[in-house]
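Take a look at the structure below.
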Number of protein chains: 2
Amino acid sequence: MTSALKENIKKVLQHQVDEKQFSSFMALMEEKNFEKKALLCEEGVVCKYIYFIDKGSCYSYLTEPDGEKQVVQFAIEGNWISDLFSFFSEKKAIYCVEALEPVNVLALNKKNFQIACDTIPWVDRFFRVLIQNAYVALQYRIAKTNSEEADARYKEFSKLHPQFIQRIPQYLIASYLGIKPQSLSRIRKESIHKA
Amino acid sequence: MTSALKENIKKVLQHQVDEKQFSSFMALMEEKNFEKKALLCEEGVVCKYIYFIDKGSCYSYLTEPDGEKQVVQFAIEGNWISDLFSFFSEKKAIYCVEALEPVNVLALNKKNFQIACDTIPWVDRFFRVLIQNAYVALQYRIAKTNSEEADARYKEFSKLHPQFIQRIPQYLIASYLGIKPQSLSRIRKESIHKA
DNA sequence: ATCATTTCTTAACATATGTGAACGAAATCC
DNA sequence: GGATTTCGTTCACATATGTTAAGAAATGAT
């Protein structure tokens, strides 16, 4: 259960971490399990944890005034997910995080997050780099969302996240790409013709 | 010259900072001036600084294979801007940052960034929160980009950044919103009719 | 297995945004 | 201050995506 997290830390920091320090970090995390469709964070409620996905998958979404769900992020094994604004500000969440499959996660609450940052040398830096990487990726995603048409965005998404294509319902991928399910269906059909 | 930065730090950290520590931080920054159209970062070149805008404005953009510029961020007095990926990884930048008006900035290079993080207690946290806030805002922006039509996006942008509307050419705002200048012109015309 | 629910596909039509071109206004350059 | 370029607007037409609706396919429950 711990090895995926260790790999993740190593990848983000680009170096190995001390075994004992890693154990202290692990000790601050709670193992939790959720059924499919369970909510890990809920809109309107303060989000108490940031989650590392050990097994399974989830996604976060915003609910529009008209009830539409707008998908913001997907997360599978090895990814982190939360409503960061809510977690850090302790204000009500604006996103929901929902399990797509049964999930096992390591959950870190804010008190333990603070303790980890204060007592384990690389933790502060780890989260800074983690968020930094996410920010950089998001900036690129928005540039592409604005400049490319839907078929190119889908093609890039498939290439970048082939695992997601397998495991995530198309109507959620459509939302993530900013189009309707019918449009994604059309795009997929056309891409088969061309290929 | 220093008061804008002090305000910025206070706002991000949500508390005052020690005067002496602030001076040490300031001492690590270089004052620089750029003419309109000058490049603060250039695609293909490692971006050596992160910039705090003291006076003037800039924007960052991606250049598409067909030569189109895709605007990613605007920055005016009190904002930070850079190609963060390039700055931290020391790899070639994928964005350009260009002055929209003559600008005065405080520029922080990577060596000094490290020194500041290592020697001034709140600096590490300051940059983490800064990036965190930017990440949260971007996530919201992409959700809206995907779910709202161009007229609503423009309306929200005007409301959120009235100063930008005054100072930034429309064709750049159009790019930022993911539409063509002609479409923005049409949207503006229609919004006058309705109002 | 059967039925109910959810997800995906297809089609005809509606609408928003893109494209190309023209023009004038404004800004910039000598 | 006049020449030149850049920017904003408008229009007619092209195209991508949305909408509505129906049914097929897949999934889940009993």
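Numbers restart at 1 for each chain; the letters A, B, ... are given by sequence-line order, proteins then strands.
Between the side chain of B:R186 and the base of D:dG8 there is no donor-acceptor pair of N/O atoms closer than 3.5 Å.
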Can you name the atoms? Protein N/O to nucleotides 24-30 of chain C N/O, anything below 3.5 Å, with the distance.
residue	atom	partner	partner atom	Å
C:dT28	OP1	B:K36	NZ	2.8

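As a whole-Å value, the separation of B:E68 CD from C:dG20 P is 11 Å. Counting to the nearest Å, the P atom of C:dC8 and the CG atom of A:L184 are 9 Å from each other. If you take NZ of B:K180 and P of D:dT17, they are 13 Å apart, rounded to a whole angstrom. Between B:L100 atom CG and D:dC7 atom C1' there is a gap of 14 Å when expressed in whole angstrom units. Between A:I179 atom CD1 and D:dT17 atom C1' there is a gap of 8 Å when expressed in whole angstrom units. To the nearest angstrom, P of C:dG18 lies 11 Å from CD of B:E149. Computed from coordinates, the A:Y171 OH to D:dG18 P distance equals 17 Å when rounded to whole Å. At whole-Å resolution of the value, CD in A:E35 and P in D:dA29 are 11 Å apart.
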Decide yes or no on salt bridge (charged side-chain N to carboxylate O under 4.0 Å, His left out) for B:E68 and B:K180, but give the supporting numbers first. CA-CA 11 Å; B:E68 277 293 291; B:K180 302 290 159 184; 3.6 Å; yes
A:K48 and A:E30: CA distance, side-chain angles, deciding distance, salt bridge (charged side-chain N to carboxylate O under 4.0 Å, His left out) verdict: CA-CA 12 Å; A:K48 294 221 168 69; A:E30 304 167 40; over 6 Å; no
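Taking the six-membered ring where tryptophan is involved, the planes of B:F74 and B:Y59 are tilted, since the angle between them lies from 30° to 60°. Note: B:H161 and B:F157 have tilted aromatic rings, judged against thresholds of 30 and 60 degrees for the angle between ring planes.
Contact annotation: the side chain of A:L172 approaches that of A:L100 to within less than 4.5 Å [non-hydrogen atoms, C-beta and beyond]. Looking at A:K55 and A:V103, their side chains never come closer than 4.5 Å, going by heavy atoms from C-beta outward. In this structure, B:K6 and B:M26 have side chains that are not in contact, with every pair of non-hydrogen atoms separated by 4.5 Å or more. With contacts defined as side-chain heavy-atom distances shorter than 4.5 Å, the pair A:V136/A:N133 does not qualify.
When all heavy atoms are compared, the tightest approach of B:I76 to B:S57 is CG2-CB, 3.7 Å.
Nucleotides of DNA chain C nearest to A:P181 and B:I187 differ in position, and the one nearer the 5' end is that of A:P181. Nearer the 5' end of DNA chain D, as judged by each residue's closest nucleotide, is the contact made by A:A150, out of A:Q182 and A:A150.
Remark: B:R188 is in phosphate contact with D:dT9, judged by side-chain N or O atoms under 4.0 Å from OP1 or OP2.
A rotation axis mapping the C1' atoms of four pairs onto the next four is fitted at both ends of the helix from C:dA1-D:dT30 to C:dC30-D:dG1 over five pairs, and the angle between these axes is 60° to 10 degrees.
Comparing C:dT17, D:dT9, C:dT10 against the side chain of A:S185 picks out C:dT10 as the nearest.
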